[in-house]
Number of protein chains: 2
Amino acid sequence: MEKQTITIYDVAREAKVSMATVSRVVNGNANVKKETKDKVEEVIARLGYRPNAVARGLASRRTTTIGVIIPDVTDHYFAELARGIDDVAAMYHYQIILANSDESNAKELRVLDSLLGKQVDGIIFMGNLINEPIRDAFAKADVPIVLAGSVDAEQAQASVTIDYTLATQEATTRLIKSGHQEVALIMGPSEHSINRDYKLVGYKQALEIAGIPFDENLVITADYDYQSGYQLAHIVNDSMATAAVVVDDEMAAGLLNGLVDMGISLPEDFEIITSNNSRLTVMTRPQLSSITQPIYDLGAVAMRMLTKLMNHEKLDVKNIILPHGYAERDTTK
Amino acid sequence: MEKQTITIYDVAREAKVSMATVSRVVNGNANVKKETKDKVEEVIARLGYRPNAVARGLASRRTTTIGVIIPDVTDHYFAELARGIDDVAAMYHYQIILANSDESNAKELRVLDSLLGKQVDGIIFMGNLINEPIRDAFAKADVPIVLAGSVDAEQAQASVTIDYTLATQEATTRLIKSGHQEVALIMGPSEHSINRDYKLVGYKQALEIAGIPFDENLVITADYDYQSGYQLAHIVNDSMATAAVVVDDEMAAGLLNGLVDMGISLPEDFEIITSNNSRLTVMTRPQLSSITQPIYDLGAVAMRMLTKLMNHEKLDVKNIILPHGYAERDTTK
DNA sequence: CTGTTAGCGCCTTCAG
DNA sequence: CTGAAGGCGCTAACAG
């Protein structure tokens, strides 16, 4: 338990070489004779020397640490993204500083600042509400930033997403083709660009293609959680909708159960397509049909992209779009 | 985008004081005249100075960073714990380095080492398999470590848990009292101390109290996930069990759906009590009755405990046990 | 291939 | 209440 830290000097002395040499072998620098390298490594093992990453970070100005700003780890969608990020980060020997933001701008700015203070080498940002202050802070940051599973209409930052507009359009079209004239879109706050500028747009496109007039009463906004989905059941039922595209799985599960508890049977009387294809979609009864998206990969690719940026490599594409799909289950006919 | 870092020296020069003084105001040291303090703060704001946490960490030997080792962020139980940890950490101005371990000892040891190299001020460990190598590594670590929602039979480390034995005993007893002679215990690997030394023990206690002989065929081991729970349905049905205590919610949901899909109706023909009371318990149909435990608090209290340890405060209790409860839903009569 | 020498940016006695 | 000076442990030229 003692603070008996053993440093590079101790190793150098014990191995009868200079600290520079020790530093070289620790960092895998090729310019070291095999013999001295072995000698040094023996001493390192014997003394149990462990490089001090903080000192290293100060001297080299690289911390091999990246910051991850996440709305809420408890949300399965973001947790999955985080997992993809962490796995790739580990692969490249980066550590992750994780900070929950609750989608609060104030918190986001605060953690961004503190991450920069920690001298992270890069940042991955997840969050739906990107406004001026945040954009500003991003622009001022002196390290690369990548958005994962999040869009900024301005596309100033590098990002990895799916084509939300198209995915939503397809789902809506699918429902229309199934015979529904009144398809609801159940989404999150319209301040969120991902809803306003992408998903809603895709929804409208589908209507337009089908020649169905847009009815704003069919666009329902709520929080991304089970309870608000459940409570929506009455509202949805009161609207003329006979089908719905829902942007969040928990929300969809809530709506589903709410409808079922009201005696409505799916898919006969109502159809639902949800958006994230999380494990939850197979746990409900009936199982939820869903847009599929490579959530884990969204995170993994974003992290890979960040490594390139940190390495000053050129990016082929700044805004990567990963393919999405569709999984037919039991809430659609 | 330039690396135009502005340091404490720049502030000092601009404010016409020494860097020591700037350091004092930044660190809220009281011994600074109001005027000079104001002056310095004005300059700090004007130049946009941001202390370099790495340099600070090197000089002060405190990084205000703690390491969190987690089996999998994607698992709702652990994500909830992590959330509790992060919230309290943020409250005390600590940052969190998050590392997924997949319950692999090799990975755990590796990330532990790398966290220590980063000079974290403390570590929170989540994981069910604590064996000699890990215990050893813990003992050698020069920073405090707290286990959250995880037990080590040896109780060498500080920890925050619930009384798993009692909780399991109560759930089992509840099922027995409901008229079942054959109650199954569906748990994870028995190498995990939490299963072998706590939950299984509680299960046996309940049998003993009721005077029911222990039947090892009723103790079923599987992975903590939906699929393995689902696949268990046949096995459970083939056994003589008419009720089950399940240690994981996804597993329980799987079992539930598996049984229902086989035409068995709950709670009439079979009763289930699960263990984590996650949101999932209200999403299944029928809803899952569950032991309730303060998962978020487990994390929050563990983090609070760690702050005390890092502060060299004495702990009243080294192994904190938080209260648990029971939520009656629809998989029990 | 190896050693020397400056820092990296800040904290922290120790004087005054 | 404030300044000067010595590290913290390591990397990175620069010699040799």
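Here the structure is a predicted model, which is why all the values come from computation and not from measurement. The sequence lines fix the lettering, A, B, ..., with proteins before strands; numbering per chain opens at 1.
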field: Electrostatic pair D75(B):R83(A) at N-O distance under 4.0 angstrom
entry: no

- request: Give a yes or no on whether a salt bridge exists between E35(A) and K39(A), defined as a side-chain N under 4.0 angstrom from a carboxylate O.
  value: no

Can you tell me if the side-chain N/O atoms of [X] get under 4.0 Å from OP1 or OP2 in [N]?
X: R61(A); N: dG9(C); answer: yes
X: T7(A); N: dC8(D); answer: no
X: T21(A); N: dG3(C); answer: yes
X: R50(A); N: dG9(D); answer: no

Atom-to-atom span, [atom1] of [X] to [atom2] of [N] - whole angstrom:
X: K118(B); N: dC10(D); atom1: NZ; atom2: C1'; answer: 14 Å
X: N52(B); N: dC8(D); atom1: CG; atom2: P; answer: 18 Å
X: L47(B); N: dG9(C); atom1: CG; atom2: C1'; answer: 16 Å
X: D38(A); N: dC1(C); atom1: CG; atom2: P; answer: 13 Å
X: L58(B); N: dG9(C); atom1: CG; atom2: C1'; answer: 9 Å
X: R62(A); N: dC10(D); atom1: CZ; atom2: C1'; answer: 14 Å

task: Select base, sugar-phosphate, or nothing to describe what V17(A) touches, counting heavy atoms under 4.0 Å on all strands.
output: sugar-phosphate

- request: Determine, for nucleotides 11-16 of chain C in 5'-to-3' order, which nucleotides have protein heavy atoms under 4.0 Å from the base (write B), from only the sugar-phosphate (write S), or from neither (write -).
  value: BB----

- request: Check the pair F125(A), V146(A) against side-chain contact (heavy atoms from CB on, under 4.5 Å), reporting the backbone distance first and the verdict last.
  value: CA-CA 6 Å; F125(A) 182 91; V146(A) 176; over 6 Å; no

query: Can you check whether R56(B) reaches N27(B) side chain to side chain, under 4.5 Å on heavy atoms?
result: yes

- request: Please list all pairs passing the side-chain hydrogen bond (donor to acceptor under 3.5 Å, both in side chains) test where one or both residues lie in residues 113-127 of chain B, with sequence neighbours left out.
  value: R50(A)-D113(B), T64(A)-K118(B), T65(A)-K118(B), Q95(A)-S114(B), T63(B)-D121(B)

Only distances under 3.5 Å count here; give the side-chain donor-acceptor pairs of residues 127-137 of chain B to other protein atoms, sequence neighbours excluded, each with its distance to 0.1 Å.
unit_1	atom_1	unit_2	atom_2	d
N128(B)	ND2	E103(B)	OE2	3.2
N131(B)	ND2	N105(B)	OD1	2.3
E132(B)	OE2	R135(B)	NE	3.2
E132(B)	OE2	R135(B)	NH2	3.4
R135(B)	NH1	D152(B)	OD1	2.5
R135(B)	NH1	D152(B)	OD2	3.2

- line: Checking dT2(C), dT2(D), dG3(C) against the side chain of V32(A) (C-beta onward), the nearest is dT2(C)

field: Over 12 non-hydrogen atoms of neighbours within 6.0 angstrom of NZ in K37(B)
entry: no

